Peer 1: 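For reference, the structure I am asking about is given below.
These numbers come from a predicted model, not from an experiment. Letters go in sequence order (proteins before strands), and every chain restarts at 1. Side-chain atoms are counted along with the backbone in the values below, which use heavy atoms only and exclude waters and symmetry mates.
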Protein chains: 2
Amino acid sequence: METKTARLALTGLAHDTRLAIFRLLVPAGPEGLPAGELGDQLHLAAATLSFHLKELRHAGLVSQQRAGRSIFYAADYTAMNGLIAYLTENCCQGVACTPAAPAAARYAKNSRAVRHRKSRGQT
Amino acid sequence: METKTARLALTGLAHDTRLAIFRLLVPAGPEGLPAGELGDQLHLAAATLSFHLKELRHAGLVSQQRAGRSIFYAADYTAMNGLIAYLTENCCQGVACTPAAPAAARYAKNSRAVRHRKSRGQT
DNA sequence: ACAATATTTCTAGAATACTGGAAATATGGA
DNA sequence: TCCATATTTCCAGTATTCTAGAAATATTGT
């Protein structure tokens, strides 16, 4: 997953209402839940719910499918796994998961950090 | 990790600049990088950088330590792992990771979703 | 004590996001 | 066709977040 996609997904989840919506959709499985059910459970004005569902869809986190008068929303597990994978890579890189690469070595010889280390007599 | 904590962390990362900052800090290891180095690399006005660093700190994603005139910021791997754990639980619950629980069964007998399923002759 | 460096806090303007009423759209049933 | 239901789009007001100049703070070297 690219950084831009990850950021979209992060933005999607970075709101109380949207996180709550997503958390309701996750256990609901691939069939999902109709918009109205989400509104009932979260006590949201229809327009507000619709706004957040659009955001989640834009973020690629949920899919939409009409069935009769209702529109069912479902969590996109692939997108979520992609986000987790992205974060895992950006969390473990060179630290917890891999054998701890020497971080300082990767920075420009004259970087501020290196100058600082030198001035302190560190390697 | 609680939902509130997770949301704070998500909000912390849900911004281009802050995600970029965090991505620079991750490979830098526990020693971290001085603020100025981050500013140099990301071409940020000092005040803007400081604002985002404060946000990241408030989100519990980075720690701060003064060393001489510089202030070093470091990624908090524990917080990041906590976030990943939270997302993993909220992604896999009853679906991908566990043996796929019957989602519909968990909803109120008279929920909109159930009414809808009944009206379609589904179980 | 003073000057230079690194960074933060203060502040206000600009940009973006959120909320919800009202109107519009889509569907199914009488 | 007409009505009820489910949901979205439109829109405007409100709130929050972002940006960056200027001033303030902290530290080090002279």
Side-chain angles (χ1 to χ4, degrees), chain A residues 7-21 24-25 32-59 62-74 110-121, chain B residues 7-21 24-25 32-59 62-74 110-121:
Chain A
R7 225 231 52 199
L8 258 178
L10 287 166
T11 303
L13 296 172
H15 188 277
D16 280 326
T17 300
R18 288 194 297 267
L19 187 51
I21 290 171
L24 281 179
L25 291 181
L33 293 173
E37 170 91 13
L38 295 166
D40 288 354
Q41 295 209 21
L42 300 173
H43 308 291
L44 296 170
T48 304
L49 173 65
S50 202
F51 168 82
H52 288 301
L53 285 172
K54 188 156 83 172
E55 292 290 297
L56 285 169
R57 216 150 74 86
H58 179 234
V62 307
S63 61
Q64 197 189 39
Q65 198 188 350
R66 180 179 280 275
R69 272 183 284 221
S70 296
I71 297 181
F72 278 67
Y73 284 87
N110 257 17
S111 76
R112 199 186 285 243
V114 170
R115 286 199 309 277
H116 191 277
R117 275 180 211 109
K118 277 182 183 156
S119 74
R120 286 159 101 198
Chain B
R7 226 232 49 200
L8 259 177
L10 288 165
T11 304
L13 296 172
H15 188 275
D16 280 327
T17 300
R18 289 195 297 266
L19 188 52
I21 291 172
L24 281 179
L25 291 180
L33 293 173
E37 171 91 13
L38 294 165
D40 288 355
Q41 295 209 21
L42 299 173
H43 308 291
L44 296 170
T48 304
L49 174 64
S50 202
F51 168 83
H52 288 302
L53 286 172
K54 189 156 83 173
E55 291 288 300
L56 284 170
R57 216 151 72 86
H58 179 235
V62 307
S63 62
Q64 197 189 40
Q65 197 188 352
R66 181 177 280 276
R69 271 182 286 222
S70 296
I71 296 181
F72 279 67
Y73 284 87
N110 257 15
S111 75
R112 200 186 281 244
V114 171
R115 287 201 306 278
H116 190 279
R117 275 180 212 107
K118 276 183 183 156
S119 76
R120 286 159 99 199

Peer 1: Which is true for R57(A) with a 4.0 Å heavy-atom rule: it touches a base, it touches only sugar-phosphate, or it touches nothing?
Peer 2: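 The answer is nothing, as R57(A) stays clear of every strand by at least 4.0 Å.
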
Peer 1: From the list dC18(C), dT7(D), dT8(D), which nucleotide is the closest neighbour of the side chain of F51(A)?
Peer 2: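 Between dC18(C), dT7(D), dT8(D), the one nearest the side chain of F51(A) would be dC18(C).
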
Peer 1: How many angstroms lie between CG in L24(A) and CG in L19(A), if you round to the nearest 0.5 Å?
Peer 2: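 Here the rounded value is 10.0 Å.
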
Peer 1: For the pair made of NE2 in H43(B) and P in dA20(D), what is the distance, rounded to whole Å?
Peer 2: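 Those two atoms, NE2 and P, are 13 Å apart.
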
Peer 1: Starting at CZ of F72(B) and ending at P of dT7(C), how long is that distance when rounded to a whole Å?
Peer 2: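 From F72(B) CZ to dT7(C) P: 8 Å.
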
Peer 1: Please state how far atom CZ in R18(A) lies from atom P in dC18(C), giving the value in whole angstrom units.
Peer 2: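 The distance from CZ of R18(A) to P of dC18(C) comes to 4 Å, rounded to the nearest Å.
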
Peer 1: Apply side chain to side chain contact (heavy atoms under 4.5 Å, CB included) to residues L53(B) and L38(B) and explain how you reach the verdict.
Peer 2: CA-CA 10 Å; L53(B) 286 172; L38(B) 294 165; 4.1 Å; yes

Peer 1: Distance check: side-chain N/O of T48(A) vs OP1/OP2 of dT19(C), anything under 4.0 Å?
Peer 2: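 For dT19(C), OP1/OP2 do not have a side-chain N/O of T48(A) under 4.0 Å.
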
Peer 1: Starting at CD of E55(A), measure out to CZ of R18(A) and round the result to the nearest 0.5 Å.
Peer 2: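 Answer for the CD-CZ pair, E55(A) versus R18(A), is 5.0 Å.
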
Peer 1: Please confirm whether the shortest side-chain N or O distance from H52(B) to OP1 or OP2 of dT17(D) is below 4.0 Å.
Peer 2: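 No, no such contact exists.
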
Peer 1: Using atom CG of D16(B) as one end and atom C1' of dT17(D) as the other, report the distance to the nearest whole Å.
Peer 2: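 Nearest whole value for this atom pair: 14 Å.
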
Peer 1: Whole angstrom is fine here: how far is it from CG in L49(A) over to P in dT19(C)?
Peer 2: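 Rounded to the whole Å, the gap is 11 Å.
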
Peer 1: Under the side-chain contact (heavy atoms from CB on, under 4.5 Å) test, which residues partner T17(B), sequence neighbours left out?
Peer 2: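 Per chain and number, T17(B) pairs via side-chain contact (heavy atoms from CB on, under 4.5 Å) with H15(B), I21(B), L44(B), H52(B).
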
Peer 1: Which is more 5' along DNA chain C, the nucleotide nearest A47(A) or the one nearest R66(A)? Just name the residue.
Peer 2: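 Nearest-nucleotide comparison on DNA chain C picks A47(A).
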
Peer 1: Is the phosphate of dT17(D) approached by H15(B) (side-chain N or O, under 4.0 Å from OP1 or OP2)?
Peer 2: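 No, outside the criterion.
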
Peer 1: Using whole Å, report how far CG of L56(A) lies from C1' of dT8(D).
Peer 2: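 After rounding, the gap between these two atoms is 16 Å.
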
Peer 1: Return the value, rounded to whole Å, for the distance between atom CD of E55(B) and atom C1' of dT9(C).
Peer 2: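 Distance check: E55(B) CD to dT9(C) C1' gives 14 Å.
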
Peer 1: Can you check whether Y73(A) has a side-chain N or O nearer than 4.0 Å to OP1 or OP2 of dA6(D)?
Peer 2: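 Checking dA6(D) against Y73(A), no side-chain N or O comes under 4.0 Å of OP1 or OP2.
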
Peer 1: Looking at T17(A), does any N or O in its side chain come under 4.0 Å of the phosphate oxygens OP1/OP2 on dC18(C)?
Peer 2: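 So the side chain of T17(A) is outside the cut-off, no N or O lying under 4.0 Å from OP1 or OP2 of dC18(C).
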
Peer 1: How close or far is atom P of dT7(D) from atom CG of L42(A), stated in whole angstroms?
Peer 2: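 Those two atoms, CG and P, are 13 Å apart.
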
Peer 1: Can you tell which of L10(B), L13(B), T11(B) makes a side-chain contact (heavy atoms from CB on, under 4.5 Å) with L13(A)?
Peer 2: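 Single pass found, and it is L10(B).
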
Peer 1: Would you say the side chain of R69(B) and the base of dA4(C) hold a donor-acceptor pair, judged only by whether the two atoms sit under 3.5 Å apart?
Peer 2: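 Check passes, donor-acceptor contact within cut-off.
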
